[in-house]
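Here is the structure we will look at, set down as C-alpha coordinates.
Just so we're on the same page: letters track the sequence lines, and every chain starts at 1.
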2 protein chains.
Amino acid sequence: MVYVEPHLDERCAACLVRDQALCASLADDELSALSAIGRTRPLARGQTLIWAGDSSSVCANLVSGVLKMATATADGREQIVGLLFPGDFVGQPFAEEASLTFAALTDASLCVYPREGFVEVLADHPALERLLLQRTMAALDDARSRMLTLGRRSASEKVAGFLLELGHRLPRRPGSGPAAGYVFDLPLGRAQIADVLGLTIETVSRQLTRLRTSGVIALSGRRTVAIREPARLKRLASTAGA
Amino acid sequence: MVYVEPHLDERCAACLVRDQALCASLADDELSALSAIGRTRPLARGQTLIWAGDSSSVCANLVSGVLKMATATADGREQIVGLLFPGDFVGQPFAEEASLTFAALTDASLCVYPREGFVEVLADHPALERLLLQRTMAALDDARSRMLTLGRRSASEKVAGFLLELGHRLPRRPGSGPAAGYVFDLPLGRAQIADVLGLTIETVSRQLTRLRTSGVIALSGRRTVAIREPARLKRLASTAGA
DNA sequence: CTAATGATTTGACCTAGGTCAAATACACCG
DNA sequence: CGGTGTATTTGACCTAGGTCAAATCATTAG
(Lines give C-alpha, C1' and ligand atoms only; values in the text may rest on other atoms or scores of the structure.)
Protein backbone atom coordinates (compact mmCIF):
# COMPACT_ATOMS: atom_id res chain seq x y z
CA MET A 1 0.00 0.00 0.00
CA VAL A 2 1.46 3.25 -1.10
CA TYR A 3 0.90 6.51 0.74
CA VAL A 4 0.07 9.26 -1.70
CA GLU A 5 0.92 12.82 -0.71
CA PRO A 6 -1.75 15.28 -1.66
CA HIS A 7 -0.52 16.84 -4.84
CA LEU A 8 1.59 19.83 -3.96
CA ASP A 9 3.56 21.52 -6.63
CA GLU A 10 7.24 21.12 -5.86
CA ARG A 11 7.89 24.81 -6.14
CA CYS A 12 5.25 25.48 -3.52
CA ALA A 13 6.48 22.72 -1.24
CA ALA A 14 9.86 24.37 -1.16
CA CYS A 15 8.48 27.89 -1.06
CA LEU A 16 10.10 30.21 1.42
CA VAL A 17 6.90 32.13 2.00
CA ARG A 18 4.35 29.32 1.76
CA ASP A 19 2.72 30.54 4.91
CA GLN A 20 3.36 34.24 4.94
CA ALA A 21 2.05 34.94 1.46
CA LEU A 22 -1.56 34.89 0.33
CA CYS A 23 -1.07 31.17 -0.26
CA ALA A 24 -1.29 30.66 3.49
CA SER A 25 -5.05 30.80 3.06
CA LEU A 26 -5.08 27.72 0.84
CA ALA A 27 -4.80 24.11 1.90
CA ASP A 28 -2.12 22.07 0.16
CA ASP A 29 -4.65 20.57 -2.22
CA GLU A 30 -6.18 23.91 -3.18
CA LEU A 31 -2.85 25.38 -3.97
CA SER A 32 -2.77 23.77 -7.38
CA ALA A 33 -5.32 26.27 -8.71
CA LEU A 34 -2.85 29.03 -8.09
CA SER A 35 0.36 27.23 -8.85
CA ALA A 36 -1.15 26.09 -12.16
CA ILE A 37 -1.29 29.64 -13.44
CA GLY A 38 1.82 30.96 -11.72
CA ARG A 39 5.43 30.79 -12.58
CA THR A 40 8.45 31.84 -10.61
CA ARG A 41 10.54 34.65 -11.93
CA PRO A 42 13.70 36.30 -10.74
CA LEU A 43 13.98 40.08 -10.85
CA ALA A 44 17.39 41.66 -10.65
CA ARG A 45 18.00 44.78 -8.60
CA GLY A 46 16.93 47.79 -10.59
CA GLN A 47 14.60 45.90 -12.90
CA THR A 48 10.97 46.83 -13.26
CA LEU A 49 8.17 44.28 -13.08
CA ILE A 50 5.28 46.61 -13.92
CA TRP A 51 5.37 50.10 -15.40
CA ALA A 52 2.73 52.65 -14.45
CA GLY A 53 0.50 52.92 -17.51
CA ASP A 54 0.94 49.27 -18.52
CA SER A 55 -2.36 47.75 -19.43
CA SER A 56 -3.43 44.38 -18.16
CA SER A 57 -0.32 43.31 -16.40
CA VAL A 58 0.43 40.74 -13.76
CA CYS A 59 0.08 40.04 -10.07
CA ALA A 60 2.58 38.23 -7.92
CA ASN A 61 3.66 37.06 -4.54
CA LEU A 62 7.03 38.35 -3.50
CA VAL A 63 9.20 35.43 -2.44
CA SER A 64 12.44 37.17 -1.64
CA GLY A 65 13.96 40.61 -1.96
CA VAL A 66 12.49 44.09 -1.67
CA LEU A 67 10.38 45.96 -4.24
CA LYS A 68 9.29 49.55 -4.39
CA MET A 69 5.95 50.91 -5.60
CA ALA A 70 6.20 54.37 -7.08
CA THR A 71 4.25 57.12 -8.85
CA ALA A 72 5.52 60.28 -10.44
CA THR A 73 4.21 63.69 -11.46
CA ALA A 74 3.98 64.61 -15.13
CA ASP A 75 7.29 66.44 -14.84
CA GLY A 76 9.11 63.57 -13.23
CA ARG A 77 9.07 64.15 -9.50
CA GLU A 78 8.88 60.70 -7.93
CA GLN A 79 7.17 59.44 -4.81
CA ILE A 80 7.70 55.92 -3.52
CA VAL A 81 4.33 54.96 -2.06
CA GLY A 82 5.35 51.71 -0.46
CA LEU A 83 7.96 49.01 -0.05
CA LEU A 84 7.22 45.33 -0.45
CA PHE A 85 8.88 42.55 1.51
CA PRO A 86 8.84 38.76 1.17
CA GLY A 87 5.32 37.41 1.49
CA ASP A 88 3.72 40.65 0.30
CA PHE A 89 1.26 40.72 -2.56
CA VAL A 90 2.34 42.58 -5.67
CA GLY A 91 0.18 44.30 -8.24
CA GLN A 92 -3.24 45.79 -8.84
CA PRO A 93 -5.53 42.90 -9.72
CA PHE A 94 -8.59 45.03 -10.51
CA ALA A 95 -6.91 47.82 -12.42
CA GLU A 96 -7.20 47.72 -16.18
CA GLU A 97 -4.12 49.86 -16.28
CA ALA A 98 -1.40 49.96 -13.64
CA SER A 99 -1.15 53.26 -11.80
CA LEU A 100 2.11 52.36 -10.10
CA THR A 101 5.53 51.21 -11.13
CA PHE A 102 6.82 48.10 -9.32
CA ALA A 103 10.60 47.67 -9.35
CA ALA A 104 13.21 45.66 -7.49
CA LEU A 105 15.44 47.41 -4.95
CA THR A 106 17.41 44.23 -4.37
CA ASP A 107 17.64 41.04 -6.37
CA ALA A 108 14.29 39.44 -5.86
CA SER A 109 12.22 36.46 -6.80
CA LEU A 110 8.52 36.36 -7.44
CA CYS A 111 5.72 33.97 -8.08
CA VAL A 112 3.91 35.68 -10.94
CA TYR A 113 0.31 35.24 -12.12
CA PRO A 114 -1.53 36.68 -15.10
CA ARG A 115 -3.89 39.30 -13.75
CA GLU A 116 -7.14 37.89 -15.18
CA GLY A 117 -6.31 34.37 -14.16
CA PHE A 118 -5.55 35.47 -10.67
CA VAL A 119 -8.88 37.25 -10.36
CA GLU A 120 -10.66 34.09 -11.42
CA VAL A 121 -8.87 31.91 -8.90
CA LEU A 122 -9.79 34.52 -6.32
CA ALA A 123 -13.46 34.10 -7.10
CA ASP A 124 -13.23 30.34 -6.57
CA HIS A 125 -11.45 30.52 -3.25
CA PRO A 126 -13.23 32.58 -0.61
CA ALA A 127 -10.46 32.14 1.92
CA LEU A 128 -7.98 33.58 -0.55
CA GLU A 129 -10.24 36.51 -1.27
CA ARG A 130 -10.81 37.12 2.40
CA LEU A 131 -7.10 37.17 3.13
CA LEU A 132 -6.43 39.50 0.21
CA LEU A 133 -9.13 41.81 1.53
CA GLN A 134 -7.50 41.86 4.95
CA ARG A 135 -4.09 42.49 3.44
CA THR A 136 -5.48 45.29 1.33
CA MET A 137 -7.08 46.91 4.36
CA ALA A 138 -3.76 46.65 6.16
CA ALA A 139 -2.01 48.23 3.19
CA LEU A 140 -4.55 51.03 3.34
CA ASP A 141 -3.79 51.63 7.01
CA ASP A 142 -0.12 51.70 6.18
CA ALA A 143 -0.65 54.16 3.33
CA ARG A 144 -2.65 56.41 5.59
CA SER A 145 -0.15 56.48 8.38
CA ARG A 146 2.45 57.30 5.76
CA MET A 147 0.23 60.20 4.69
CA LEU A 148 0.50 61.57 8.21
CA THR A 149 4.26 61.35 7.94
CA LEU A 150 4.39 63.04 4.54
CA GLY A 151 2.00 65.81 5.46
CA ARG A 152 2.83 66.57 9.04
CA ARG A 153 6.22 65.35 10.17
CA SER A 154 9.59 67.09 10.05
CA ALA A 155 12.62 65.76 8.22
CA SER A 156 14.21 64.39 11.37
CA GLU A 157 11.03 62.65 12.45
CA LYS A 158 10.69 61.17 8.98
CA VAL A 159 14.20 59.75 8.87
CA ALA A 160 14.12 58.43 12.43
CA GLY A 161 10.78 56.75 11.84
CA PHE A 162 11.94 55.27 8.59
CA LEU A 163 14.99 53.66 10.17
CA LEU A 164 12.89 52.18 12.95
CA GLU A 165 10.46 50.74 10.46
CA LEU A 166 13.18 49.16 8.36
CA GLY A 167 14.78 47.82 11.51
CA HIS A 168 11.57 45.91 12.17
CA ARG A 169 10.94 44.61 8.71
CA LEU A 170 14.41 43.74 7.53
CA PRO A 171 16.48 40.73 8.48
CA ARG A 172 19.01 41.65 11.14
CA ARG A 173 22.66 41.13 10.50
CA PRO A 174 24.41 38.40 12.47
CA GLY A 175 26.01 39.87 15.57
CA SER A 176 23.03 42.14 15.89
CA GLY A 177 21.60 42.64 19.33
CA PRO A 178 20.73 45.09 22.06
CA ALA A 179 24.39 45.58 22.84
CA ALA A 180 25.94 46.38 19.48
CA GLY A 181 22.64 47.75 18.25
CA TYR A 182 20.34 46.34 15.63
CA VAL A 183 22.30 46.07 12.45
CA PHE A 184 20.84 45.78 8.97
CA ASP A 185 21.50 46.67 5.36
CA LEU A 186 19.49 49.40 3.70
CA PRO A 187 17.91 48.09 0.52
CA LEU A 188 17.65 51.67 -0.75
CA GLY A 189 20.08 54.39 -1.64
CA ARG A 190 19.78 57.93 -0.29
CA ALA A 191 17.83 59.08 -3.33
CA GLN A 192 15.23 56.39 -2.79
CA ILE A 193 14.93 57.13 0.90
CA ALA A 194 14.28 60.72 -0.13
CA ASP A 195 11.57 59.53 -2.53
CA VAL A 196 9.90 57.55 0.24
CA LEU A 197 9.90 60.44 2.69
CA GLY A 198 9.18 63.35 0.41
CA LEU A 199 12.58 64.93 1.00
CA THR A 200 15.73 65.57 -1.03
CA ILE A 201 18.89 63.47 -1.08
CA GLU A 202 20.81 66.18 0.73
CA THR A 203 18.34 66.47 3.57
CA VAL A 204 18.32 62.70 4.09
CA SER A 205 22.10 62.67 4.13
CA ARG A 206 22.28 65.53 6.63
CA GLN A 207 19.77 63.89 8.94
CA LEU A 208 21.70 60.64 8.84
CA THR A 209 24.97 62.35 9.70
CA ARG A 210 23.24 64.16 12.52
CA LEU A 211 22.03 60.84 13.91
CA ARG A 212 25.48 59.34 13.52
CA THR A 213 27.23 62.30 15.10
CA SER A 214 24.90 62.20 18.07
CA GLY A 215 25.56 58.48 18.53
CA VAL A 216 22.02 57.28 17.93
CA ILE A 217 23.07 55.19 14.95
CA ALA A 218 26.29 54.03 13.34
CA LEU A 219 26.86 53.81 9.63
CA SER A 220 29.38 51.66 7.84
CA GLY A 221 29.79 51.44 4.13
CA ARG A 222 27.03 53.04 2.14
CA ARG A 223 24.27 50.77 3.24
CA THR A 224 24.84 49.27 6.66
CA VAL A 225 23.07 50.85 9.59
CA ALA A 226 23.31 50.01 13.27
CA ILE A 227 20.70 51.38 15.61
CA ARG A 228 22.70 52.05 18.76
CA GLU A 229 20.07 53.75 20.87
CA PRO A 230 16.64 52.53 19.85
CA ALA A 231 14.95 54.43 22.65
CA ARG A 232 16.39 57.76 21.58
CA LEU A 233 15.57 57.01 17.95
CA LYS A 234 11.99 56.29 18.94
CA ARG A 235 11.80 59.57 20.77
CA LEU A 236 13.13 61.43 17.74
CA ALA A 237 10.59 59.71 15.52
CA SER A 238 7.70 61.28 17.37
CA THR A 239 9.00 64.58 18.64
CA ALA A 240 8.28 67.79 16.82
CA GLY A 241 11.27 69.60 18.29
CA ALA A 242 14.30 68.62 16.19
CA MET B 1 -53.96 35.94 -6.57
CA VAL B 2 -51.80 38.42 -4.86
CA TYR B 3 -48.40 39.42 -6.18
CA VAL B 4 -45.87 39.43 -3.37
CA GLU B 5 -42.91 41.75 -3.67
CA PRO B 6 -39.67 40.14 -2.57
CA HIS B 7 -39.15 41.42 0.92
CA LEU B 8 -37.27 44.65 0.76
CA ASP B 9 -36.82 46.67 3.85
CA GLU B 10 -38.63 49.95 3.45
CA ARG B 11 -35.57 51.95 4.43
CA CYS B 12 -33.60 50.23 1.68
CA ALA B 13 -36.34 50.65 -0.88
CA ALA B 14 -36.21 54.38 -0.32
CA CYS B 15 -32.44 54.52 0.04
CA LEU B 16 -30.74 57.31 -1.85
CA VAL B 17 -27.63 55.24 -2.43
CA ARG B 18 -29.18 51.81 -2.93
CA ASP B 19 -27.06 51.32 -6.01
CA GLN B 20 -23.97 53.36 -5.34
CA ALA B 21 -23.15 51.85 -1.97
CA LEU B 22 -21.85 48.36 -1.27
CA CYS B 23 -25.49 47.27 -1.27
CA ALA B 24 -25.46 47.51 -5.05
CA SER B 25 -23.83 44.07 -5.03
CA LEU B 26 -26.85 42.49 -3.37
CA ALA B 27 -30.12 41.52 -4.97
CA ASP B 28 -33.26 42.84 -3.31
CA ASP B 29 -33.85 39.58 -1.51
CA GLU B 30 -30.30 39.33 -0.18
CA LEU B 31 -30.42 42.79 1.22
CA SER B 32 -32.29 41.67 4.30
CA ALA B 33 -29.15 40.09 5.74
CA LEU B 34 -27.56 43.51 5.85
CA SER B 35 -30.60 45.59 6.67
CA ALA B 36 -31.37 43.22 9.54
CA ILE B 37 -28.25 44.26 11.38
CA GLY B 38 -28.14 47.89 10.26
CA ARG B 39 -29.85 50.95 11.48
CA THR B 40 -29.90 54.43 10.05
CA ARG B 41 -28.36 57.17 12.05
CA PRO B 42 -28.01 60.89 11.49
CA LEU B 43 -24.72 62.58 12.27
CA ALA B 44 -24.65 66.33 12.71
CA ARG B 45 -21.85 68.44 11.31
CA GLY B 46 -18.89 68.29 13.64
CA GLN B 47 -19.91 65.05 15.31
CA THR B 48 -17.64 62.06 15.43
CA LEU B 49 -18.77 58.56 14.51
CA ILE B 50 -15.58 56.71 15.42
CA TRP B 51 -12.61 57.88 17.46
CA ALA B 52 -9.14 56.63 16.66
CA GLY B 53 -8.32 54.21 19.46
CA ASP B 54 -11.92 53.02 19.89
CA SER B 55 -12.05 49.28 20.16
CA SER B 56 -14.56 47.21 18.26
CA SER B 57 -16.58 49.93 16.68
CA VAL B 58 -18.92 50.07 13.74
CA CYS B 59 -19.00 50.09 9.95
CA ALA B 60 -21.42 52.03 7.82
CA ASN B 61 -22.56 53.12 4.44
CA LEU B 62 -22.64 56.85 4.00
CA VAL B 63 -26.06 57.85 2.71
CA SER B 64 -25.71 61.60 2.57
CA GLY B 65 -23.25 64.26 3.65
CA VAL B 66 -19.48 64.32 3.78
CA LEU B 67 -17.20 62.71 6.37
CA LYS B 68 -13.51 63.08 7.01
CA MET B 69 -11.05 60.37 8.04
CA ALA B 70 -8.17 61.69 10.10
CA THR B 71 -5.10 60.70 12.09
CA ALA B 72 -2.92 62.80 14.32
CA THR B 73 0.59 62.75 15.75
CA ALA B 74 1.12 62.30 19.47
CA ASP B 75 1.45 66.06 19.87
CA GLY B 76 -1.72 66.87 18.02
CA ARG B 77 -0.78 67.69 14.46
CA GLU B 78 -3.65 66.43 12.31
CA GLN B 79 -3.74 64.90 8.84
CA ILE B 80 -7.00 64.26 7.06
CA VAL B 81 -6.35 61.08 5.10
CA GLY B 82 -9.52 61.03 3.07
CA LEU B 83 -12.99 62.40 2.51
CA LEU B 84 -16.07 60.22 2.22
CA PHE B 85 -19.04 61.00 0.01
CA PRO B 86 -22.50 59.43 -0.29
CA GLY B 87 -22.25 55.78 -1.23
CA ASP B 88 -18.80 55.36 0.30
CA PHE B 89 -18.06 52.70 2.84
CA VAL B 90 -17.14 53.86 6.32
CA GLY B 91 -14.97 52.13 8.89
CA GLN B 92 -12.31 49.50 9.35
CA PRO B 93 -14.08 46.15 9.48
CA PHE B 94 -10.98 44.09 10.29
CA ALA B 95 -9.36 46.37 12.80
CA GLU B 96 -9.75 45.43 16.44
CA GLU B 97 -9.07 49.03 17.23
CA ALA B 98 -9.81 51.99 14.96
CA SER B 99 -6.71 53.80 13.73
CA LEU B 100 -8.67 56.69 12.29
CA THR B 101 -11.22 59.18 13.48
CA PHE B 102 -14.36 59.45 11.33
CA ALA B 103 -16.30 62.70 11.70
CA ALA B 104 -18.97 64.61 9.83
CA LEU B 105 -18.01 67.73 7.89
CA THR B 106 -21.64 68.39 7.00
CA ASP B 107 -24.84 67.03 8.44
CA ALA B 108 -24.88 63.44 7.29
CA SER B 109 -26.85 60.26 7.50
CA LEU B 110 -25.49 56.77 7.70
CA CYS B 111 -26.56 53.19 7.62
CA VAL B 112 -24.60 51.74 10.52
CA TYR B 113 -23.68 48.09 11.20
CA PRO B 114 -21.95 46.49 14.15
CA ARG B 115 -18.47 45.58 13.04
CA GLU B 116 -18.58 41.86 13.82
CA GLY B 117 -21.99 41.41 12.32
CA PHE B 118 -20.92 43.12 9.16
CA VAL B 119 -17.91 40.84 8.81
CA GLU B 120 -20.17 37.81 9.11
CA VAL B 121 -22.59 39.02 6.47
CA LEU B 122 -19.58 39.64 4.30
CA ALA B 123 -18.53 36.01 4.57
CA ASP B 124 -21.98 34.85 3.45
CA HIS B 125 -22.19 37.11 0.42
CA PRO B 126 -19.31 36.71 -1.99
CA ALA B 127 -20.56 39.50 -4.24
CA LEU B 128 -20.53 41.89 -1.32
CA GLU B 129 -17.05 40.86 -0.36
CA ARG B 130 -15.86 41.19 -3.93
CA LEU B 131 -17.23 44.69 -4.23
CA LEU B 132 -15.71 45.71 -0.91
CA LEU B 133 -12.37 44.37 -2.12
CA GLN B 134 -12.62 46.45 -5.27
CA ARG B 135 -13.59 49.53 -3.33
CA THR B 136 -10.73 49.00 -0.94
CA MET B 137 -8.28 48.69 -3.81
CA ALA B 138 -9.67 51.91 -5.25
CA ALA B 139 -9.27 53.60 -1.88
CA LEU B 140 -5.69 52.42 -1.84
CA ASP B 141 -5.06 53.95 -5.25
CA ASP B 142 -6.57 57.15 -4.02
CA ALA B 143 -4.45 57.16 -0.87
CA ARG B 144 -1.35 56.59 -2.93
CA SER B 145 -2.00 59.35 -5.37
CA ARG B 146 -2.60 61.60 -2.38
CA MET B 147 0.81 60.53 -1.09
CA LEU B 148 2.32 61.87 -4.28
CA THR B 149 0.58 65.17 -3.63
CA LEU B 150 1.68 65.37 -0.01
CA GLY B 151 5.26 64.41 -0.72
CA ARG B 152 6.00 66.08 -3.98
CA ARG B 153 3.65 68.87 -4.94
CA SER B 154 3.85 72.58 -4.15
CA ALA B 155 1.20 74.50 -2.24
CA SER B 156 -0.35 75.93 -5.39
CA GLU B 157 -0.52 72.55 -7.08
CA LYS B 158 -2.10 71.09 -3.98
CA VAL B 159 -4.81 73.72 -3.72
CA ALA B 160 -5.61 73.74 -7.42
CA GLY B 161 -5.83 69.95 -7.52
CA PHE B 162 -8.00 69.89 -4.45
CA LEU B 163 -10.52 72.31 -5.92
CA LEU B 164 -10.71 70.30 -9.12
CA GLU B 165 -11.31 67.11 -7.20
CA LEU B 166 -14.08 68.61 -5.10
CA GLY B 167 -15.60 70.07 -8.24
CA HIS B 168 -15.93 66.53 -9.57
CA ARG B 169 -17.25 64.87 -6.45
CA LEU B 170 -19.58 67.49 -5.07
CA PRO B 171 -23.04 68.35 -6.27
CA ARG B 172 -22.96 71.46 -8.46
CA ARG B 173 -24.98 74.47 -7.52
CA PRO B 174 -27.94 75.30 -9.73
CA GLY B 175 -26.95 77.84 -12.34
CA SER B 176 -23.63 76.08 -12.57
CA GLY B 177 -22.21 75.53 -16.02
CA PRO B 178 -19.32 76.16 -18.37
CA ALA B 179 -20.30 79.82 -18.64
CA ALA B 180 -20.57 80.96 -15.04
CA GLY B 181 -18.12 78.29 -13.98
CA TYR B 182 -18.73 75.22 -11.90
CA VAL B 183 -20.15 76.38 -8.63
CA PHE B 184 -20.19 74.36 -5.43
CA ASP B 185 -20.04 74.70 -1.67
CA LEU B 186 -16.94 73.64 0.20
CA PRO B 187 -17.83 71.16 2.92
CA LEU B 188 -14.60 72.10 4.73
CA GLY B 189 -13.23 75.21 6.33
CA ARG B 190 -9.75 76.52 5.57
CA ALA B 191 -8.25 74.69 8.53
CA GLN B 192 -9.55 71.39 7.25
CA ILE B 193 -8.37 72.03 3.74
CA ALA B 194 -4.97 72.64 5.28
CA ASP B 195 -5.21 69.32 7.12
CA VAL B 196 -6.01 67.51 3.90
CA LEU B 197 -3.13 69.05 1.98
CA GLY B 198 -0.44 69.13 4.63
CA LEU B 199 -0.32 72.93 4.69
CA THR B 200 -1.24 75.69 7.13
CA ILE B 201 -4.45 77.72 7.18
CA GLU B 202 -2.59 80.82 6.07
CA THR B 203 -1.00 79.17 3.07
CA VAL B 204 -4.35 77.79 1.94
CA SER B 205 -5.91 81.20 2.30
CA ARG B 206 -3.13 82.91 0.34
CA GLN B 207 -3.33 80.37 -2.46
CA LEU B 208 -7.08 80.86 -2.71
CA THR B 209 -6.76 84.63 -2.89
CA ARG B 210 -4.13 84.23 -5.54
CA LEU B 211 -6.48 82.07 -7.60
CA ARG B 212 -9.29 84.57 -7.08
CA THR B 213 -7.12 87.57 -7.94
CA SER B 214 -5.96 85.92 -11.12
CA GLY B 215 -9.54 85.17 -12.14
CA VAL B 216 -9.25 81.39 -12.14
CA ILE B 217 -11.89 81.01 -9.45
CA ALA B 218 -14.43 83.23 -7.73
CA LEU B 219 -15.28 83.04 -4.06
CA SER B 220 -18.45 84.20 -2.38
CA GLY B 221 -19.22 83.85 1.27
CA ARG B 222 -16.86 81.65 3.17
CA ARG B 223 -17.67 78.46 1.41
CA THR B 224 -18.90 78.95 -2.12
CA VAL B 225 -16.42 78.44 -4.92
CA ALA B 226 -16.90 78.96 -8.65
CA ILE B 227 -14.33 77.50 -11.01
CA ARG B 228 -14.19 80.12 -13.75
CA GLU B 229 -11.35 78.75 -15.82
CA PRO B 230 -11.17 74.99 -15.40
CA ALA B 231 -8.45 74.67 -18.02
CA ARG B 232 -6.15 77.07 -16.26
CA LEU B 233 -6.89 75.45 -12.92
CA LYS B 234 -5.98 72.08 -14.39
CA ARG B 235 -2.72 73.48 -15.65
CA LEU B 236 -1.90 74.90 -12.23
CA ALA B 237 -2.67 71.55 -10.63
CA SER B 238 0.14 69.87 -12.50
CA THR B 239 2.74 72.53 -13.04
CA ALA B 240 5.76 72.79 -10.81
CA GLY B 241 6.34 76.44 -11.65
CA ALA B 242 4.06 78.63 -9.47
C1' DC C 1 46.57 47.66 -5.74
C1' DT C 2 44.90 51.60 -8.53
C1' DA C 3 41.99 54.05 -11.41
C1' DA C 4 37.49 55.18 -12.77
C1' DT C 5 32.77 56.16 -11.58
C1' DG C 6 28.80 56.85 -9.40
C1' DA C 7 26.95 57.71 -4.67
C1' DT C 8 27.28 60.44 -0.71
C1' DT C 9 28.59 64.20 2.09
C1' DT C 10 29.40 68.87 3.01
C1' DG C 11 29.09 73.83 2.40
C1' DA C 12 27.00 78.27 1.05
C1' DC C 13 23.07 80.23 -0.05
C1' DC C 14 18.03 80.89 -1.08
C1' DT C 15 13.04 80.49 -0.94
C1' DA C 16 8.49 78.32 -0.16
C1' DG C 17 5.92 78.05 3.22
C1' DG C 18 5.56 78.38 8.26
C1' DT C 19 4.78 81.55 12.50
C1' DC C 20 3.03 85.25 14.95
C1' DA C 21 0.09 89.08 15.18
C1' DA C 22 -3.32 92.17 13.63
C1' DA C 23 -7.06 93.49 10.93
C1' DT C 24 -11.46 92.17 8.44
C1' DA C 25 -15.34 89.76 7.18
C1' DC C 26 -19.12 86.52 7.98
C1' DA C 27 -23.01 84.62 10.12
C1' DC C 28 -25.83 84.19 13.65
C1' DC C 29 -28.48 86.05 17.45
C1' DG C 30 -31.28 88.96 19.91
C1' DC D 1 -30.58 96.04 12.15
C1' DG D 2 -26.56 96.23 15.29
C1' DG D 3 -23.51 93.28 18.31
C1' DT D 4 -20.73 89.24 19.08
C1' DG D 5 -17.81 85.51 18.27
C1' DT D 6 -15.46 82.82 15.16
C1' DA D 7 -13.31 82.12 10.58
C1' DT D 8 -10.59 84.20 7.26
C1' DT D 9 -7.43 87.33 5.29
C1' DT D 10 -3.40 90.02 5.26
C1' DG D 11 1.15 91.55 6.64
C1' DA D 12 5.89 91.16 8.51
C1' DC D 13 9.14 88.15 9.46
C1' DC D 14 11.67 83.68 10.04
C1' DT D 15 13.37 79.02 9.28
C1' DA D 16 13.33 74.20 7.64
C1' DG D 17 14.52 72.35 4.00
C1' DG D 18 15.51 73.02 -0.90
C1' DT D 19 19.23 74.23 -4.63
C1' DC D 20 23.56 74.45 -6.61
C1' DA D 21 28.21 73.29 -6.54
C1' DA D 22 32.21 71.23 -4.86
C1' DA D 23 34.66 67.90 -2.35
C1' DT D 24 34.98 62.95 -0.64
C1' DC D 25 34.08 58.24 -0.39
C1' DA D 26 32.91 53.34 -1.60
C1' DT D 27 32.93 49.98 -5.19
C1' DT D 28 34.02 47.74 -9.17
C1' DA D 29 36.84 46.90 -13.16
C1' DG D 30 41.05 46.36 -14.48
What is the distance from CZ of A:R190 to P of D:dT24, rounded to the nearest Å? 19 Å
Please identify each residue that fulfils side-chain hydrogen bond (donor to acceptor under 3.5 Å, both in side chains) with A:R169, with sequence neighbours left out. none
Side chain to side chain contact (heavy atoms under 4.5 Å, CB included) filter on B:Q20, not counting sequence neighbours, yields B:V17
Test of understanding: with side chain to side chain contact (heavy atoms under 4.5 Å, CB included), list the residues that count as partners of B:T209, not counting sequence neighbours. B:R212
Roughly how many Å is it from CG in B:L219 to C1' in D:dT8, rounded to a whole number? 11 Å
Pull out every protein N or O sitting under 3.5 Å from an N or O of nucleotides 24-28 of chain C, one pair per line with the distance.
| residue | atom | partner | partner atom | Å |
| --- | --- | --- | --- | --- |
| C:dC26 | O2 | B:R222 | NH2 | 2.9 |
| C:dA27 | OP1 | B:R222 | N | 3.3 |

The criterion is side-chain hydrogen bond (donor to acceptor under 3.5 Å, both in side chains); which residues satisfy it with A:S214, sequence neighbours excluded? none
In whole angstrom, what separates A:D185's CG from C:dA7's C1'? 16 Å
Closer than 4.0 angstrom, basic N to acidic O: yes or no for A:R146 and A:E165? yes
B:L211 CG to D:dT9 C1', in whole Å, measures 15 Å
Nearest whole angstrom, please: distance from the P of D:dT27 to the CG of A:L186. 12 Å
Residues at least two apart in sequence or cross-chain that pass side-chain hydrogen bond (donor to acceptor under 3.5 Å, both in side chains) with B:S205, listed by chain then number, are none
Does the protein touch nucleotides 16-23 of chain C at the base, only the backbone, or not at all? Give it as B, S and - per nucleotide, heavy atoms under 4.0 Å. -SSBB---
Partner residues of B:R39 under the side-chain hydrogen bond (donor to acceptor under 3.5 Å, both in side chains) criterion, sequence neighbours left out: none
To the nearest 10°, let me know how far the axis at one end of the helix from C:dC1-D:dG30 to C:dG30-D:dC1 is tilted from the axis at the other, five pairs an end. 40°
Salt bridge (Lys or Arg N to Asp or Glu O under 4.0 Å) involving A:D75 - partner list, sequence neighbours excluded: A:R77
Write down the distance between CZ (B:R210) and P (D:dT9), rounded to a whole number of angstrom. 15 Å
What is the separation between atom CG on B:L188 and atom C1' on D:dT6, rounded to the nearest whole Å? 17 Å
Under the side chain to side chain contact (heavy atoms under 4.5 Å, CB included) rule, collect the residues that match up with B:V204, sequence neighbours excluded. B:R190, B:I193, B:A194, B:L199, B:L208
In whole angstrom, give the distance that lies between atom CG of B:L105 and atom P of D:dA7. 14 Å
Looking at residues at least two apart in the chain, or sitting in another chain, which of them share a salt bridge (Lys or Arg N to Asp or Glu O under 4.0 Å) with A:R135? none
Measure from the ring center of A:F118 to the ring center of A:F89 and say whether it is less than 6.0 Å. yes
